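I have placed the structure first, in the form of structure tokens, so that the comments after it can refer back to it.
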Amino acid sequence: MTMTARKSPQTSSIDLAAHLDALDWPQITAELDAQGCAVLKNLLTPDHCRAIAGLYPDDTQFRSRIVMGRHGFGRGEYKYFSYPLPDLIAQLRPALYAHLQAVANRWNEAMGIDIRYPTTHAAFLRRCHEAGQARPTPLLLQYEAGDYNCLHQDLYGEHVFPIQVAILLSEPGRDFTGGEFVLTEQRPRMQSRAEVVPLAQGDAVAFAVHHRPVQGTRGTYRVNMRHGVSRIRSGQRHTLGVIFHDAK
């Protein structure tokens, strides 16, 4: 299976590594530790957002299409990209992973999980593929008025990177209304807590896929995380999901 990026002139003219390096990673890390999520402001330009969203009708870019209502996932639909990924997405995965890998390892250590993640995303993908998880997981989601995404976790197999990223490609208030990104956190012996994350076009949210460590009075414990999208009130909303593990 070739992993070479699919050329896409509309989305190739950005130095993502330098752009990501310039973000306030100490603050992002602190927010991930405190809340289980953090916003990466202006990760993509409006032009890049429109270019990626514009790929949705082109089925040659994707390996499968999921209609959420058929599976009880909510309402709306999404498509998983096929390999080779479009340039920008092929750049995003390793560039984001490089900044999140240390957080993931520290979280696992705090939770008493023996798994550690290699320095590069390519090495982590080799681990996934050797275990039979070889189907790409970056996805493009499309919602219309009345659509929503039920609370869920994107696991896909034995090997799971504990943080993922969603990037809002549409402009709130112009392209759509409603459709807020929502996280819930369930701590032991406590009521669930909800977090609504406001995003502008081009903003990304990094968040816990499954569970994360929380410091309590008696030490560190795991909290269970789920994410979803509230009902779209009007218009159309596109989101790019960047998941770092591949699927069986």
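Just so you know, these numbers come straight off a predicted model, no measurement behind them.
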- Query: Any donor and acceptor pair, going by atom type alone, linking the side chain of Thr137 with main-chain N or O of His245 inside 3.5 Å?
  - Reply: yes
- Message: Side chains of Ser82 and Gln61, heavy atoms from C-beta outward: is any pair under 4.5 Å?
- Response: no
- Message: If I take atom CD1 from residue Ile232 and atom CG from residue Asp175, how far apart are they, to the nearest 0.5 angstrom?
- Response: 11.0 Å
- Message: With a 4.5 Å cut-off on side-chain heavy atoms, are Asp87 and Ile89 touching?
- Response: no
- Query: Counting N and O atoms only, with roles assigned by atom type, does the side chain of Trp25 sit under 3.5 Å from a partner on the main chain of Leu100, one being a donor and the other an acceptor?
  - Reply: no
- Would you check if the side chain of His152 reaches a backbone N or O of Gly228 as a donor-acceptor pair within less than 3.5 Å? no
- Task: Would you confirm whether Gln201, through its side chain, and Ser170, through its main-chain N or O, come within 3.5 Å as a donor-acceptor pair?
- Result: no
- Joint hydrophobic cluster, Leu20 plus Tyr117, side-chain heavy atoms closer than 4.5 Å: yes
- Under 3.5 Å donor-acceptor, Asn108 side chain and Ile115 backbone: yes
- Query: Within 45° of the ring axis of Tyr148 and under 6.0 Å from its six-membered ring centre, is that where the NZ or CZ of Arg231 lies?
  - Reply: no
- Correct closest heavy-atom pair for Pro136 and Pro138 would be C-CD, 3.7 Å
- Item | Nearest atoms (heavy-atom pairs only) where Gln153 meets His227 | CA-CE1, 4.3 Å
- Is there a side chain to side chain contact (heavy atoms under 4.5 Å, CB included) between Ile113 and Trp107 once you walk through the steps? CA-CA 8 Å; Ile113 298 171; Trp107 279 10; over 6 Å; no
- Message: Is the positively charged end of Lys79 above the ring of Tyr56, judged by distance under 6.0 angstrom from the centroid and angle within 45° of the axis?
- Response: yes
- Test side chain to side chain contact (heavy atoms under 4.5 Å, CB included) applied to Glu195 and Val182, step by step: CA-CA 6 Å; Glu195 178 86 2; Val182 179; over 6 Å; no
- Message: Looking at every non-hydrogen atom in both residues, tell me the closest pair between Ser234 and Thr177 and how far apart they are.
- Response: OG-OG1, 2.7 Å
- Note: Leu169 and Cys49 closest approach over all heavy atoms is O-CB, 3.3 Å
- Query: With a cut-off of under 6.0 Å to the ring centre and 45° to the axis, is Arg237 in cation-pi contact with Phe176?
  - Reply: yes
- Message: Is there a side-chain contact between Leu183 and Gln35 in this structure, where contact means two heavy atoms from C-beta onward sitting under 4.5 Å apart?
- Response: no
- Is there a path from Leu55 to Tyr78 through hydrophobic residues (I, L, V, M, F, W, Y) whose side chains come within less than 4.5 Å of each other? no
- Message: Students often mix this up, so state it plainly: with edges at 30° and 60°, are the rings of His121 and Phe244 parallel, tilted or perpendicular?
- Response: perpendicular
- Would you mind reporting whether Thr220 and Val214 have side-chain heavy atoms less than 4.5 Å apart? no
- What's the spacing between Leu96 CG and Gln101 CD if we round to 0.5 Å? 13.5 Å
- Please state whether the rings of Phe81 and Phe62 are parallel, tilted or perpendicular, taking 30° and 60° as the class boundaries. tilted
- Note on the structure: One should read off an interatomic distance between Arg75 CZ and Asn149 CG, to the nearest 0.5 angstrom, of 13.0 Å
- Any side-chain heavy atom of Ser64 within less than 4.5 Å of one from Tyr80? yes
- Message: Using only atom types and a distance under 3.5 Å, with no angle test, would you say the side chain of His238 pairs donor to acceptor with the backbone of Ile52?
- Response: no
- Distance in Å, Leu141 CG paired with Ile167 CD1, rounded so as to fall on 0.5 Å steps: 11.5 Å
- Message: Whether the side chain of Asn105 engages the backbone of Ala102 through a donor-acceptor N/O pair (distance < 3.5 Å, no angle test) should be reported.
- Response: no
- Flag, side chain of Gln236 to backbone of Gln142, donor-acceptor distance under 3.5 Å: no
- Message: Under the criterion side chain to side chain contact (heavy atoms under 4.5 Å, CB included), I'd like the reasoning laid out for Val209 against Leu155: C-alpha separation, chi angles, the key distance, then a yes or no.
- Response: CA-CA 7 Å; Val209 174; Leu155 300 178; 3.9 Å; yes
- Message: Let me check something: do Tyr221 and Met111 share a hydrophobic cluster, defined by ILVMFWY side-chain heavy atoms less than 4.5 Å apart, either directly or through other members?
- Response: no
- Query: Does Arg135 come within less than 4.0 Å of Asp246, counting only side-chain N to carboxylate O?
  - Reply: no
- Are the side chain of Glu185 and the backbone of Ala194 linked by a donor-acceptor contact shorter than 3.5 Å? no
- Item | Step-by-step side chain to side chain contact (heavy atoms under 4.5 Å, CB included) determination, Asp203 to Val205 | CA-CA 7 Å; Asp203 288 352; Val205 55; over 6 Å; no
- Side-chain heavy-atom pair Pro213, Arg222 within 4.5 angstrom cut-off: no
- Query: Does the pair Asp59 and Arg65 meet the rule for a salt bridge (Lys or Arg N to Asp or Glu O under 4.0 Å), with working shown?
  - Reply: CA-CA 9 Å; Asp59 285 339; Arg65 170 177 173 260; over 6 Å; no
- Query: What pair of heavy atoms forms the shortest contact from Ala208 to His211, and how long is it?
  - Reply: CB-O, 4.3 Å
- Query: Backbone N or O of Ile243 within a donor-acceptor pair of the Arg93 side chain at under 3.5 Å?
  - Reply: yes
- Task: Could you state whether Ile28 and Phe181 fall into the same hydrophobic cluster, counting links through intermediate Ile, Leu, Val, Met, Phe, Trp or Tyr residues with side-chain heavy atoms under 4.5 angstrom apart?
- Result: no
- Hey, what do you get for CZ (Arg63) to CG (Leu139), rounding to the nearest 0.5 Å? 9.0 Å
- Message: If I take atom CD from residue Gln27 and atom CG from residue Leu40, how far apart are they, to the nearest 0.5 angstrom?
- Response: 11.5 Å
- Which heavy atom of Thr45 sits nearest a heavy atom of His48, and at what distance? OG1-ND1, 2.6 Å
- Quick one: are Asp33 and Arg212 in side-chain contact, heavy atoms under 4.5 Å? no
- Message: Starting from Leu151, can I reach Phe207 by hopping between I/L/V/M/F/W/Y residues whose side chains sit under 4.5 Å apart?
- Response: no
- Message: Are His99 and Asp21 packed together at the side-chain level, in the sense that at least one heavy-atom pair is separated by less than 4.5 angstrom?
- Response: yes
